[in-house]
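Only one structure is covered here, and it is reproduced in the block below.
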Amino acid sequence: MIHLRPHHLLCLLTYVGKGYTPDFVHNYDRIAARMSKGEEIEIVDGPDDICAPLLKEDAAHCHGDSVGARDALAARDVGALLGLEITVGVRLTLNAARLEQLRAGFASGHVRIACQGCDWADLCTDVAQGGFAGVRLTGDL
C-alpha cells in the first residue's frame with residue numbers, strides 16, 4: 001500500500017523525474033511505478049511515502065503549514081472531481097479512467113488551486129500543456 005497526502009495526488013499527474021534530491025527522485029520513481037501497476041493508495045495526514053527522503057532534513061518543508069493547506073485544497077478539489085470524499089484513511093486505486101479524469105481536471109485548471117505558490121507549478125503547467133508527455137505514472141493501469 002502506498003501512503004499519500006492529498007496534494008501528492010496532483011503532483012503525481014505531472015511527475016517527470018525531477019525533484020529535490022537524487023534520493024527523492026529515486027523514491028518517487030519507485031512509487032510511480034508501483035502506482036502504475038495499480039497498487040492501492042491510502043490517504044494520510046502529513047508526510048507520506050513521497051516525503052520520506054526529505055524527512056532527514058532539519059527543516060523539511062513536508063511539515064509546513066502551507067503544505068497542510070495545500071493538502072486540504074487538493075482533498076476538496078480531487079474529491080469533488082472524482083465524486084469521492086478524500087479524507088485520512090480513505091483507500092483508492094488510480095485506474096486508467098480515474099487517471100484520465102484527474103489529468104483532464106488538472107489540465108483545465110479545475111484542481112489546480114492547491115498548486116498556487118508551489119515551486120513546481122510552472123513545470124507542472126508545462127507538462128500538462130504538453131499532453132503529459134514523459135510522465136512516470138502511466139495510464140496503462
Side-chain angles (χ1 to χ4, degrees), residues 1-57 59-141:
M1 172 142 354
I2 299 166
H3 298 95
L4 284 185
R5 62 188 322 155
H7 87 263
H8 281 157
L9 289 169
L10 299 176
C11 300
L12 277 158
L13 299 174
T14 58
Y15 173 66
V16 291
K18 298 187 184 288
Y20 299 102
T21 67
D23 284 345
F24 180 85
V25 169
H26 179 71
N27 181 58
Y28 213 141
D29 284 343
R30 285 192 328 245
I31 291 168
R34 288 169 53 198
M35 287 181 68
S36 293
K37 293 178 183 173
E39 189 167 335
E40 189 174 36
I41 298 163
E42 181 177 9
I43 301 299
V44 298
D45 182 28
D48 62 6
D49 292 345
I50 290 174
C51 297
L54 299 177
L55 298 177
K56 301 171 196 167
E57 299 174 7
H61 78 275
C62 305
H63 296 289
D65 292 339
S66 65
V67 181
R70 194 169 285 134
D71 283 334
L73 291 169
R76 179 196 69 197
D77 292 346
V78 168
L81 182 68
L82 296 179
L84 299 169
E85 189 172 359
I86 304 294
T87 58
V88 173
V90 165
R91 293 180 177 190
L92 66 141
T93 54
L94 292 182
N95 58 32
R98 276 190 178 156
L99 185 57
E100 178 57 34
Q101 190 178 12
L102 284 168
R103 286 200 171 125
F106 190 91
S108 70
H110 286 98
V111 293
R112 295 283 315 261
I113 292 172
C115 304
Q116 292 177 355
C118 176
D119 293 340
W120 300 95
D122 290 340
L123 172 67
C124 296
T125 296
D126 291 345
V127 171
Q129 288 176 347
F132 299 93
V135 296
R136 302 286 170 96
L137 179 60
T138 66
D140 303 332
L141 304 171

For the side chain of E40 and the backbone of R91, is there at least one donor-acceptor N/O pair under 3.5 Å apart?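 Absent.
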
Give a yes or no on whether the backbone of A114 and the side-chain of R70 come within a donor-acceptor separation of less than 3.5 Å.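 Flag set: sc R70 to bb A114 pair under 3.5 Å.
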
Just grab all the salt bridge (Lys or Arg N to Asp or Glu O under 4.0 Å) pairs involving residues 71-83, residues at least two apart or on different chains.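 Checked against salt bridge (Lys or Arg N to Asp or Glu O under 4.0 Å) - neighbours excluded - the pairs reaching residues 71-83 are R5-D71.
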
[atom1]/[X] to [atom2]/[Y] distance, rounded to the nearest 0.5 angstrom?
X    : Y   : atom1 : atom2 : answer
L4   : C51 : CG    : SG    : 9.0 Å
D119 : Y20 : CG    : OH    : 6.0 Å
R30  : M35 : CZ    : CE    : 14.5 Å
I43  : H3  : CD1   : NE2   : 10.5 Å

How about I41 and V90: do any of their side-chain heavy atoms sit closer than 4.5 Å?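 Sidechains of V90 and I41: no contact.
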
Side chains of residues 121-135: which donor-acceptor pairs under 3.5 Å do they make with residues two or more places apart or in other chains?
residue : atom : partner : partner atom : Å
T125    : OG1  : R112    : NH1          : 3.2
T125    : OG1  : R112    : NH2          : 3.1
T125    : OG1  : A121    : O            : 3.0

For atom CD of E85, decide whether the heavy atoms of other residues, nucleotides or ligands shown that lie under 6.0 angstrom number more than 12.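 Counting neighbours around CD of E85, 12 or fewer heavy atoms of other residues, nucleotides or ligands fall under 6.0 Å, so no.
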
Residue that, paired with V78, satisfies side chain to side chain contact (heavy atoms under 4.5 Å, CB included) out of L84, L92, L102: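 In the set L84, L92, L102, the residue that makes a side chain to side chain contact (heavy atoms under 4.5 Å, CB included) with V78 is L102.
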
Show your working on side-chain contact (heavy atoms from CB on, under 4.5 Å) between L10 and C115 and close with a plain yes or no. CA-CA 8 Å; L10 299 176; C115 304; 4.3 Å; yes

Can you list the residues that meet the side-chain hydrogen bond (donor to acceptor under 3.5 Å, both in side chains) rule with Y15, with sequence neighbours excluded?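 Testing Y15 for side-chain hydrogen bond (donor to acceptor under 3.5 Å, both in side chains), a comparison that skips the adjacent residues, returns D29.
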
Verdict with reasoning, R98 to N95, per side chain to side chain donor-acceptor pair (under 3.5 Å): CA-CA 5 Å; R98 276 190 178 156; N95 58 32; 5.1 Å; no

Ignoring hydrogens, what is the shortest heavy-atom contact between [X] and [Y]? Give both atom names and the distance.
X    : Y   : answer
R34  : I2  : NH2-CG1, 3.4 Å
Q101 : L81 : NE2-O, 2.9 Å
R136 : S36 : O-OG, 3.6 Å

Applying side-chain contact (heavy atoms from CB on, under 4.5 Å), run through L9 and V111 and close with a yes or a no. CA-CA 10 Å; L9 289 169; V111 293; over 6 Å; no

